[in-house]
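These notes concern the structure reproduced below.
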Number of protein chains: 2
Amino acid sequence: MGHTQPHGYDKYAYEPFAVTVDLAVLTIRSGALHVLLVERGQDPYAGHWALPGGFVEPSESAETAARRELAEETGLADVTGLHLEQLRTYSEPDRDPRMRVVSVAFTALLPDAPEPHAGSDAARAGWLAYDKPRPLAFDHDRILADAHEHVGTQLELTCLATAFCPAEFTLGELQHVYETVWGTALDRPNFRRKVLATPGFVEPVPGAARLTGGRGKPAALYRAGTATTLQPPLLRPNPEGRSA
Amino acid sequence: MGHTQPHGYDKYAYEPFAVTVDLAVLTIRSGALHVLLVERGQDPYAGHWALPGGFVEPSESAETAARRELAEETGLADVTGLHLEQLRTYSEPDRDPRMRVVSVAFTALLPDAPEPHAGSDAARAGWLAYDKPRPLAFDHDRILADAHEHVGTQLELTCLATAFCPAEFTLGELQHVYETVWGTALDRPNFRRKVLATPGFVEPVPGAARLTGGRGKPAALYRAGTATTLQPPLLRPNPEGRSA
DNA sequence: GCTCTTTATAGTCGCATTGACTATTAAGGG
DNA sequence: CCCTTAATAGTCAATGCGACTATAAAGAGC
């Protein structure tokens with residue numbers, strides 16, 4: 001990898017780029033937002049935490065590559081309820097010191113958090129608390145911040161919150177998703193009212209109730225409904241800087 | 001990593017891609033939504049209309065390339081009030097029959113519509129009514145539809161509508177932006193009330209009024225304010241399929 | 001047993017937003 | 001001088017939602 005000039009490769013009249021995917025995989029563990037990170041085994045940024053990701057292969061779309069990389073690099077294959085969504089593309093010329101890399105970033109939400117095992121390029125892989133592990137390699141701090149903001153906005157507008165929950169969940173657990181991602185407390189009766197008043201957001205599991213860890217009145221169980229958008233939206237209480 | 005690459009180009013351990021930008025440039029002309037299109041001069045899709053765009057150069061980010069291509073290919077350089085925003089990236093392996101091309105798509109909104117003049121690759125360039133010119137080349141029909149939906153959603157959530165308007169505009173013109181993009185009629189007094197009740201959306205131009213083409217009571221003029229988000233949002237009356 | 005704590009669930013009250021209206025004002029056209 | 005057209009002002013009821021209070025059902029501790 002010494003030279004910087006292409007030689008004998010004039011099939012294309014354009015400059016070739018490396019195209020990669022980066023994944024901001026979020027979940028809620030022990031009541032806090034966690035992100036899936038891998039420890040880089042080689043330079044640059046050896047020893048730093050980074051978002052999982054890798055090169056897109058010739059026959060793949062970026063979406064396909066994202067699923068493959070997630071499986072390869074962390075062993076999270078065929079996770080039920082994985083919600084994968086394109087975030088945006090990062091293409092600043094100097095974002096990778098080695099070469100020109102354009103990266104398509106994705107957000108992924110997981111209901112539960114099986115412990116990942118490090119794959120090919122990664123020294124380690126694991127769930128880290130969202131606030132902890134900075135700075136990340138490359139521009140991954142920014143990507144992760146963008147992903148967090150995007151998920152926060154999506155919670156306002158869509159039924160995405162169920163993607164953080166297992167197949168059956170209580171309304172308290174659903175509320176905890178909002179509180180964890182937004183970092184604010186919500187009024188429980190009002191949250192209930194809003195969720196139940198939105199057709200297709202959740203549907204009750206007949207006759208089922210769960211003891212929520214022990215204490216307190218057992219909560220009714222719900223499943224994710226068929227609706228995808230929240231109309232009207234469920235706006236977060238603190239209306240400051242949101243996406244454009 | 002797969003190595004199907006031809007002749008002596010092993011500088012990279014990955015497959016090189018062409019990276020392009022595609023622009024969905026929208027404006028309102030004669031009261032209807034128009035899109036900036038170029039007629040392709042060469043195969044594939046010679047003679048078809050396509051979104052303007054082109055290859056990202058080695059020293060550019062996709063955003064920079066988008067602005068350059070817009071200027072080069074259509075002569076729309078330094079347009080005042082151009083709002084450029086990344087939409088998403090299209091990376092299906094077969095989206096360009098010639099080769100592997102990953103394209104970062106942008107939406108751009110223009111207040112007025114200077115007539116473009118065709119540039120390098122384009123046989124012609126011009127504003128075409130949004131509904132008319134299908135099918136477009138490549139997967140540009142889908143990109144354009146995604147852009148339209150995205151702009152519609154942004155109108156609900158942000159102050160983006162002013163990007164379609166000249167520096168000074170009437171509330172009737174602003175309302176027309178919403179009606180044109182959404183394809184629905186809005187109640188005029190209610191629209192006024194909502195816009196004026198949102199701090200920073202518009203600010204009045206003191207003592208100015210415009211005869212709106214002649215007939216009717218002269219309308220007060222407004223300028224775009226400093227706010228970027230609409231809180232609470234301005235939801236479109238027909239709540240069906242929206243973005244995820 | 002009993003109370004205390006915890007959590008879920010039910011319901012109330014008032015304000016703010018919004019949809020559907022009606023009314024008035026100010027221009028141009030015949 | 002009345003028409004039409006468009007902007008602006010205002011009314012009224014339904015709904016949504018924030019801030020509450022109240023009740024129900026579980027375990028913990030004694």
Side-chain angles (χ1 to χ4, degrees), chain A residues 31 155-157 165 168-180 182 184-199 201-222 227 229-240, chain B residues 31 155-157 165 168-180 182 184-199 201-222 227 229-240:
Chain A
L155 288 190
E156 293 186 303
L157 305 172
C165 296
E168 299 188 345
F169 52 87
T170 70
L171 293 187
E173 290 166 356
L174 189 66
Q175 180 178 350
H176 196 77
V177 170
Y178 279 87
E179 293 179 329
T180 302
W182 287 351
T184 62
L186 298 176
D187 180 82
R188 196 186 295 264
N190 289 344
F191 180 81
R192 281 182 66 79
R193 185 219 285 157
K194 173 68 183 179
V195 170
L196 296 178
T198 303
F201 193 175
V202 298
E203 50 191 32
V205 179
R210 183 200 298 174
L211 292 312
T212 325
R215 288 229 274 279
K217 179 175 174 176
L221 286 178
Y222 293 84
T229 62
L230 252 47
Q231 190 100 21
L234 174 44
L235 299 175
R236 67 186 105 185
N238 197 0
E240 52 198 5
Chain B
L155 288 190
E156 293 185 303
L157 305 172
C165 295
E168 297 188 348
F169 51 88
T170 69
L171 292 188
E173 291 166 356
L174 189 67
Q175 179 178 349
H176 196 77
V177 170
Y178 279 87
E179 294 179 329
T180 302
W182 287 349
T184 61
L186 298 176
D187 180 82
R188 196 187 294 265
N190 290 342
F191 180 81
R192 282 181 66 80
R193 188 217 294 161
K194 172 69 182 178
V195 170
L196 296 177
T198 302
F201 193 175
V202 298
E203 50 191 33
V205 179
R210 183 200 298 173
L211 292 312
T212 324
R215 289 228 274 279
K217 180 175 174 176
L221 286 178
Y222 293 85
T229 63
L230 252 47
Q231 190 97 19
L234 174 44
L235 299 176
R236 69 187 103 185
N238 198 1
E240 52 198 6

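Lettering of chains follows the sequences in order, A, B, ..., and the numbering in each one begins at 1.
- The distance from atom CG of Leu230(A) to atom P of dG16(D) is 13 Å, rounded to the nearest whole Å.
- For the pair Leu174(B) CG and dT8(D) P, the interatomic distance rounds to 12 Å; values are reported in whole Å.
- Remark: Asp187(B) engages Asn190(B) in a side chain to side chain donor-acceptor pair (under 3.5 Å) (not counting sequence neighbours).
- The shortest distance between the side-chain N/O atoms of Arg192(B) and the OP1/OP2 oxygens of dA9(D) is below 4.0 Å.
- Considering only heavy atoms from C-beta on, Leu174(B) comes within 4.5 Å of Phe201(B) through its side chain.
- The side chain of Ala220(A) lies closest to dT9(C), out of dT9(C), dG16(D), dT8(D).
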Atom pairs, protein N/O to nucleotides 18-22 of chain D N/O, distance under 3.5 Å:
{"from": "dG18(D)", "atom 1": "O6", "to": "Arg193(A)", "atom 2": "NH2", "distance (Å)": "2.7"}
{"from": "dA19(D)", "atom 1": "N7", "to": "Asn190(A)", "atom 2": "ND2", "distance (Å)": "2.9"}
{"from": "dA19(D)", "atom 1": "N6", "to": "Asn190(A)", "atom 2": "OD1", "distance (Å)": "3.2"}
{"from": "dA19(D)", "atom 1": "N6", "to": "Arg193(A)", "atom 2": "NH2", "distance (Å)": "3.2"}

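- Distance from the side chain of Lys217(A) is smallest for dT7(C) among the nucleotides dC17(D), dT8(D), dT7(C).
- Set against dG16(D), dA25(D), dT5(D), the side chain of Pro218(A) has dA25(D) as its closest nucleotide.
- With rounding to whole Å, Leu196(A) atom CG is found 12 Å from dG11(C) atom P.
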(request) Please test Val202(A) against Leu196(A) for side-chain contact (heavy atoms from CB on, under 4.5 Å), starting from the C-alpha separation and ending with a verdict. (result) CA-CA 7 Å; Val202(A) 298; Leu196(A) 296 178; 4.2 Å; yes
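- Taking atom CD of residue Gln175(B) and atom C1' of nucleotide dT8(D), one finds them 12 Å apart after rounding to whole Å.
- For Lys194(B), no side-chain nitrogen or oxygen approaches OP1 or OP2 of dT17(C) to under 4.0 Å.
- With sequence neighbours excluded, no residue satisfies side chain to side chain donor-acceptor pair (under 3.5 Å) with Thr198(B).
- Protein atom CZ of Phe191(B) is 17 Å distant from nucleotide atom C1' of dA9(D), rounded to whole Å.
- Between Leu186(B) atom CG and dC21(C) atom P there is a gap of 15 Å when expressed in whole angstrom units.
- With sequence neighbours left out, the side-chain contact (heavy atoms from CB on, under 4.5 Å) criterion links Glu203(B) to Arg223(B).
- Two residues are said to be in side-chain contact when any heavy atoms from C-beta on lie closer than 4.5 Å; Lys194(B) and Pro232(B) meet this criterion.
- When the P atom of dA16(C) is taken as reference, atom CD of Gln231(B) falls 16 Å away, rounded to whole Å.
- Distance OH (Tyr178(A)) to P (dC17(D)): 12 Å, rounded to an integer number of Å.
- Side-chain proximity of Arg215(A) to the nucleotides dT5(D), dT9(C), dA28(D) is greatest for dA28(D).
- Residues that satisfy the ring-ring contact (aromatic ring centres under 6.0 Å, His included) test with Tyr178(A), not counting sequence neighbours, are Trp182(A), Phe191(A).
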